[in-house]
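I have placed the structure first, in the form of structure tokens, so that the comments after it can refer back to it.
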Amino acid sequence: MSTPEQVLPGQMLTVDVDEVPPIELGPGVHVRALPGVPGIRTWVIDIAPGAEWPDLDVHETYGEVYFVVSGEVIEGDHVHGPGTYVAFGPETSHRPRTETGVRAFGLNYDVTV
């Protein structure tokens, strides 16, 4: 399945997330890029039990948000379970990991206010 990067003006698009081919970022870490709108990159991330993001994820001039769909993600000393919304502003960094496995829906944005 080929998924477009952006939703075009006047277009409505539906995507079965599980049919989007995952890209392995590191051992046990898979991302599925979803169509976004200008200035926003949208994705679903699956991290296997015991896996960790391969490198420090640095947000210099943009932000990132994600919603934990299932499982739990660990950020530093904080454990975030299903239903948790996590937001990072510009000039932040993190390296998520999980003991149970996690699926999260998120986006990166580059919008100047």
Side-chain angles (χ1 to χ4, degrees):
M1 173 183 180
S2 176
T3 305
E5 279 189 31
Q6 292 191 358
V7 179
L8 301 174
Q11 181 184 38
M12 182 187 99
L13 182 63
T14 60
V15 175
D16 181 333
V17 171
D18 289 320
E19 290 187 13
V20 175
I23 298 169
E24 185 175 41
L25 298 180
V29 180
H30 295 87
V31 66
R32 298 171 197 268
L34 303 176
V37 295
I40 299 175
R41 187 170 50 87
T42 311
W43 44 266
V44 167
I45 194 85
D46 292 299
I47 305 177
E52 181 175 35
W53 197 258
D55 298 303
L56 187 65
D57 192 17
V58 178
H59 308 288
E60 292 179 8
T61 60
Y62 59 91
E64 176 178 275
V65 299
Y66 66 80
F67 177 81
V68 179
V69 176
S70 61
E72 58 186 30
V73 64
I74 303 167
E75 296 280 6
D77 295 333
H78 303 282
V79 177
H80 306 293
T84 304
Y85 174 80
V86 182
F88 295 93
E91 300 178 18
T92 60
S93 62
H94 63 121
R95 189 172 185 195
R97 62 186 179 86
T98 181
E99 296 300 321
T100 63
V102 67
R103 172 169 268 193
F105 167 81
L107 58 91
N108 295 91
Y109 59 91
D110 188 10
V111 179
T112 305
V113 179

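Atom set for the values below is all heavy atoms of this structure, side chains included, hydrogens, waters and symmetry mates excluded. Numbers here are sequence positions counted from 1.
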Cluster overlap Phe88 with Val102, hydrophobic side-chain contacts below 4.5 Å: yes

Which donor-acceptor pairs under 3.5 Å do side chains of residues 36-51 form with protein atoms, sequence neighbours excluded?
unit_1, atom_1, unit_2, atom_2, d
Arg41, NH2, Asn108, OD1, 2.8
Trp43, NE1, Asn108, OD1, 2.8
Asp46, OD1, Arg103, NE, 2.7
Asp46, OD2, Arg103, NH2, 3.0

Cluster link Tyr62 to Trp53, ILVMFWY, side chain under 4.5 Å: no

For Pro82, all residues meeting side chain to side chain contact (heavy atoms under 4.5 Å, CB included), sequence neighbours excluded: none

Pairwise salt bridge (charged side-chain N to carboxylate O under 4.0 Å, His left out) hits with a residue in residues 55-70, at least two apart: none

Taking every non-hydrogen atom, the tightest pair across Gly89 and Tyr109: CA-OH, 4.2 Å

Joint hydrophobic cluster, Phe67 plus Leu34, side-chain heavy atoms closer than 4.5 Å: yes

Sequence-distant partners of Leu56, side chain to side chain contact (heavy atoms under 4.5 Å, CB included), two or more places apart: Val58, Ser93, Arg95

Same apolar cluster: Val20 and Leu13, side chain cutoff 4.5 Å: yes

From OG1 (Thr61) to CD (Glu91), nearest 0.5 Å: 9.0 Å

Side chain proximity check, Pro35 to Gln6, heavy atoms < 4.5 angstrom: no

Shared-cluster residues of Leu8, by chain and number - hydrophobic side chains joined below 4.5 Å: none

Which atom pairs, one a donor and one an acceptor, fall under 3.5 Å between side chains of residues 68-81 and the rest of the protein, sequence neighbours left out?
unit_1, atom_1, unit_2, atom_2, d
Glu75, OE1, His94, ND1, 3.1
Glu75, OE2, Tyr66, OH, 2.7
Glu75, OE2, His94, ND1, 2.9

